[in-house]
Amino acid sequence: MPGDSTRNAVYVGSFDPPTLGHLDIIRRGARLFDRLIVGIGINPDKEPLFSPDERIALVGEMASDLPNVEISCFDNLTVTFARDVDAAVLLRGVRTVSDIEMEFTMALTNHSLAPDIETVFLMASDKYSHISSTLIKQIARMGPDLAATSLERFVPVCVIEPLLARYRKPTER
């Protein structure tokens with residue numbers, strides 16, 4: 001039914017950098033919902049590796065074959081963002097048992113703030129459950145030779161060069 005927000009979901013995160021785990025959740029979410037809006041959260045208290053525009057471009061490139069996926073930035077509460085884009089579902093990926101406790105707390109808080117918005121959890125695929133932005137950044141810092149081949153297992157190809165460029169010495173750029 002057109003305009004039915006119950007078939008619209010948001011999947012939010014920092015996506016700094018976007019990973020194959022993120023892409024897996026985006027692909028699976030795109031199959032489940034008529035419209036999936038990837039919300040790139042802007043936290044003024046954090047210093048991200050990539051600018052909001054760069055993250056939009058990277059996520060857009062890696063999800064370019066998914067016509068029902070949109071990418072947008074937001075700097076307010078997730079439930080406010082969901083309402084702003086007419087979504088009734090918060091899609092969340094869960095990697096580990098430790099994620100579950102934090103995600104459960106967040107889901108209860110979001111439900112208290114917006115009882116009309118449901119949270120749906122997707123378990124990370126086993127091959128991506130160990131991937132984190134921290135791990136990706138550590139690998140990228142190792143140097144271009146080893147990192148370039150190693151990163152293919154963790155991030156989409158379109159992310160590798162921009163990621164490695166962040167860690168090159170100014171003389172290498």
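Just so it is clear, the structure is predicted and the values come from calculations on it, not from any experiment.
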Inset, instruction - Would you please test Arg55 and Ile42 for side chain to side chain contact (heavy atoms under 4.5 Å, CB included) and show each step? - result: CA-CA 11 Å; Arg55 287 181 276 164; Ile42 308 302; 3.8 Å; yes
Inset, instruction - Let me see the working for Leu151 and Leu164 under side chain to side chain contact (heavy atoms under 4.5 Å, CB included), right down to the final yes or no. - result: CA-CA 9 Å; Leu151 286 170; Leu164 291 176; 3.8 Å; yes
Inset, instruction - Step by step, work out the side chain to side chain contact (heavy atoms under 4.5 Å, CB included) result for Phe33 and Val10. - result: CA-CA 10 Å; Phe33 299 99; Val10 296; over 6 Å; no
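Clustering ILVMFWY residues whenever any of their side-chain heavy atoms sit less than 4.5 angstrom apart, transitively, puts Val89 in a cluster other than the one holding Phe104. In terms of hydrophobic clustering, with Ile, Leu, Val, Met, Phe, Trp and Tyr side chains grouped at heavy-atom distances under 4.5 Å, Leu122 and Met62 are assigned to a common cluster. Val12 and Val69 are members of different hydrophobic clusters when ILVMFWY side chains are connected at heavy-atom separations under 4.5 Å. Follow the hydrophobic side-chain contacts under 4.5 Å out from Met102 and you never reach Ile25; the two are in separate clusters.
Annotation: salt bridge (Lys or Arg N to Asp or Glu O under 4.0 Å) contacts of Lys127 (sequence neighbours excluded): none. Residues that satisfy the salt bridge (Lys or Arg N to Asp or Glu O under 4.0 Å) test with Asp116, not counting sequence neighbours, are Arg83. Scanning for side-chain hydrogen bond (donor to acceptor under 3.5 Å, both in side chains) contacts around Glu103 gives Arg92, with sequence neighbours left out. Thr96 meets the side-chain hydrogen bond (donor to acceptor under 3.5 Å, both in side chains) test with Ser98; sequence neighbours excluded. Applying the side-chain contact (heavy atoms from CB on, under 4.5 Å) criterion to Glu61, with sequence neighbours excluded, gives Cys158. Every residue was checked against the salt bridge (Lys or Arg N to Asp or Glu O under 4.0 Å) condition with Asp75, not counting sequence neighbours, and none meets it. Every side-chain contact (heavy atoms from CB on, under 4.5 Å) that Arg35 has, sequence neighbours left out, goes to Asn8, Ile37, Glu70, Val85, Asp86.
Panel note: side chain Asp16, backbone Pro48; no donor-acceptor pair is recorded below 3.5 Å. Looking at Ser112, its side chain does come within 3.5 Å of a backbone N or O of Leu108 through a donor-acceptor pair. The backbone N or O of Ile131 lies less than 3.5 Å from a partner atom in the side chain of Arg95, making a donor-acceptor pair.
Note: Tyr11 OH to Thr78 OG1 = 12.5 Å, rounded to the nearest 0.5 Å. The CG atom of Asn76 lies 6.0 Å from the CG atom of Asp84; values are rounded to the nearest 0.5 Å. To the nearest 0.5 Å, atoms OG (Ser133) and CZ (Phe154) are separated by 12.5 Å.
Across all their heavy atoms, Ala82 and Leu90 have their closest contact at CB-CD2, 3.9 Å. Across Ser150 and Ile139, no two heavy atoms sit closer than the pair CB-CG2, 3.9 Å. What you find for Ile40 and Ser14 is that their closest heavy atoms are CG2-O, 3.8 Å. The shortest heavy-atom contact between Leu58 and Pro18 is CB-CG, 3.9 Å. Nearest heavy-atom pair, Phe50 versus Pro17, reported as atom, atom and distance to 0.1 Å: CE1-CB, 3.8 Å. Annotation for Tyr128 and Leu20: closest pair CE2-CB, 3.5 Å, computed over non-hydrogen atoms.
A heavy-atom distance below 4.5 Å is found between the side chains of Leu36 and Leu91. Inter-residue side-chain proximity for His22 and Val59 is flagged as unmet; no heavy-atom pair is nearer than 4.5 Å. Side-chain contact between Phe15 and Val38 is present, with heavy atoms from C-beta onward closer than 4.5 Å. Side-chain contact check for Thr119 versus His111: every heavy-atom pair is 4.5 Å or farther apart. You'll find the side chain of Ile136 reaches within 4.5 Å of the side chain of Thr19, heavy atoms only.
For residues 20-33, the pairs satisfying salt bridge (Lys or Arg N to Asp or Glu O under 4.0 Å) are Asp24-Arg28, Arg27-Asp65, with sequence neighbours left out. The side chain to side chain donor-acceptor pair (under 3.5 Å) contacts involving residues 36-51 comprise Ser51-Glu54, where partners must be two or more places apart or lie in separate chains. Sorted by first and then second residue, the salt bridge (Lys or Arg N to Asp or Glu O under 4.0 Å) pairs involving residues 104-113 (not counting sequence neighbours) form an empty list.
Relative orientation of the Phe74 and Phe81 rings is parallel, given thresholds of 30° and 60° on the angle between their planes.
Membership of an apolar cluster is not assigned to Met106, as no side-chain contact below 4.5 Å to another ILVMFWY residue is traced. Hydrophobic clustering, defined by side-chain heavy atoms of Ile, Leu, Val, Met, Phe, Trp and Tyr closer than 4.5 Å, groups Ile100 together with Val94, Phe121, Met123.
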